[in-house]
Asker: 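Would you mind keeping the following structure in view while I ask a few things?
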Amino acid sequence: MEVIIRPDADSAAMLVARLVAARVRAKPDLVLGLATGRTMERVYDLLAAMGLDFSGCRSFNLDEYIGVPTEDEHSYRHYMDKHLFGRVNIKRSNTHVPDGMAPDLGAEAARYERLIREAEGIDLQLLGIGEDGHIGFNEPLSALMSRTRAKALTATTRQQNAAMFGGDADRVPARALTMGVGTILEARELLLLATGMAKAASLAKAVEGPITAMVSASALQLHPRCKVVLDRDAASALTQRDYYDWVFDNEPEWEGYRE
Ligand code: GLP
């Protein structure tokens, strides 16, 4: 795992957008794993402004609320159309979000896993982190080998996402379909972005704590190609910041990304 700390949320999002852009340019038929949430909005704004060619790319989103229709403004499909798909030249038929309205959620989860396999896996998976340490909607005690399935959301997560539902946590759906931790770990590269003080505690557990199903983001420590990009606030509870900064300032891989 590599941890990169940028001075503020904007420069952290810019670094993530530049890394995604580099992967899309290097492999025009890139299979992208995508994330939702407020943190990613800035990344998608930047990607949309870069004028990249997404026409050969395919995408798989991490998760979707159960029982929220696609056209509802709270659905993650709607979020993706608004923040990215509607602003770049990706083909809609190449974009995939789990169907939270499927009558048989088990069958939909299996179909989603099959689609990812048929695409020969995800090249680059974008991730955020929840205040309870989740990735996707893999709430505490999600098996580290879990696959796409329905998951009940914690009170912390529903509170965290209440702002999108008029501030009322009770209006946040109670369940979601999410890629499993095992599904996420199979992506060839992982890129997590976290900004703000609200993420500092869960981020420190994920990066420097023990690997545990209580913090599903800690499973990223198992992945051989995982980058974690933070602003100063999200990094504030880490103990090894000087080392992370030294690596970013000195390793040749980061030349051209430091400004
Ligand atoms: C939701 C998503 C997560 C995402 C999280 C972060 O819970 N299911 O995948 O990481 O939001 O949200 P935000 O960026 O709004 O803090």
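Heavy-atom basis, side chains included; hydrogens, waters and symmetry copies ignored. Atoms within each ligand, like the ligands themselves, are counted from 1 in listed order. Note that the structure is predicted; figures quoted are calculated from it, not measured.
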Asker: Considering only NZ, NE, NH1 and NH2 on the basic side and carboxylate oxygens on the acidic side, decide whether R188 and D123 come within less than 4.0 Å.
Answerer: yes

Asker: State whether the shortest distance between N or O atoms of T157 and N or O atoms of ligand 1 falls below 3.5 angstrom.
Answerer: no

Asker: I need the contact type for M40 against ligand 1. Using non-hydrogen atoms and a strict under-4.0 Å cut-off, is it side chain, backbone, both or neither?
Answerer: neither

Asker: Can a salt bridge be assigned to the pair D81 and R77 using a cut-off of 4.0 Å between side-chain N and carboxylate O?
Answerer: yes

Asker: Find all atoms of ligand 1 within a distance of less than 4.0 Å from any non-hydrogen atom belonging to N161, and give their numbers and elements.
Answerer: 1 (C), 7 (O)

Asker: Among protein heavy atoms, which lies nearest atom 14 (O) of ligand 1, and at what distance?
Answerer: T39 OG1, 2.5 Å

Asker: Mind checking whether E41 has a heavy atom under 4.0 Å from ligand 1?
Answerer: no

Asker: In the single-linkage hydrophobic clustering (I, L, V, M, F, W, Y; side-chain heavy atoms under 4.5 Å), do L19 and L62 co-cluster?
Answerer: no

Asker: With respect to atom 16 (O) of ligand 1, which of R38, E64, H134, K199 exhibits the smallest heavy-atom separation?
Answerer: K199

Asker: Which residue and non-hydrogen atom of the protein lie closest to atom 4 (C) of ligand 1, and at what distance in Å?
Answerer: T36 O, 3.9 Å

Asker: Counting non-hydrogen protein atoms only, what is the nearest one to atom 8 (N) of ligand 1? Give residue, atom name and distance.
Answerer: D63 OD2, 2.7 Å

Asker: Decide, yes or no, whether a salt bridge links R38 with E41 under the criterion of side-chain N to carboxylate O below 4.0 Å.
Answerer: no

Asker: Taking salt bridge (charged side-chain N to carboxylate O under 4.0 Å, His left out) as the cut-off, I'd like each qualifying pair that reaches into residues 194-220, sequence neighbours left out, listed once.
Answerer: none

Asker: So does D8 pair up with R232, basic N to acidic O under 4.0 Å?
Answerer: no

Asker: Give a yes or no on whether a salt bridge exists between R58 and D29, defined as a side-chain N under 4.0 angstrom from a carboxylate O.
Answerer: no

Asker: If we set the cut-off at 4.0 Å for heavy atoms, which region of Y76 has an atom near ligand 1: side chain, backbone, both, or neither?
Answerer: side chain

Asker: Please report which non-hydrogen protein atom sits nearest to atom 12 (O) of ligand 1, along with the residue it belongs to and the distance in Å to one decimal place.
Answerer: Q160 NE2, 3.5 Å

Asker: Check salt bridge (Lys or Arg N to Asp or Glu O under 4.0 Å) between E253 and all other residues, then give those that pass, not counting sequence neighbours.
Answerer: K227

Asker: What about I129: any of its N or O atoms under 3.5 Å from an N or O on ligand 1?
Answerer: yes

Asker: Among all protein heavy atoms, pick out the one at the shortest distance from atom 3 (C) of ligand 1; state its residue, atom name and that distance to 0.1 Å.
Answerer: G136 O, 3.4 Å

Asker: So, for A206 and Q221, which heavy atoms are closest and what is the spacing to 0.1 Å?
Answerer: O-NE2, 2.7 Å

Asker: Find all atoms of ligand 1 within a distance of less than 4.0 Å from any non-hydrogen atom belonging to G37, and give their numbers and elements.
Answerer: 12 (O), 13 (P), 14 (O), 15 (O)

Asker: Can you tell me which residue and heavy atom of the protein come closest to atom 10 (O) of ligand 1, and the distance to 0.1 Å?
Answerer: G128 C, 3.1 Å

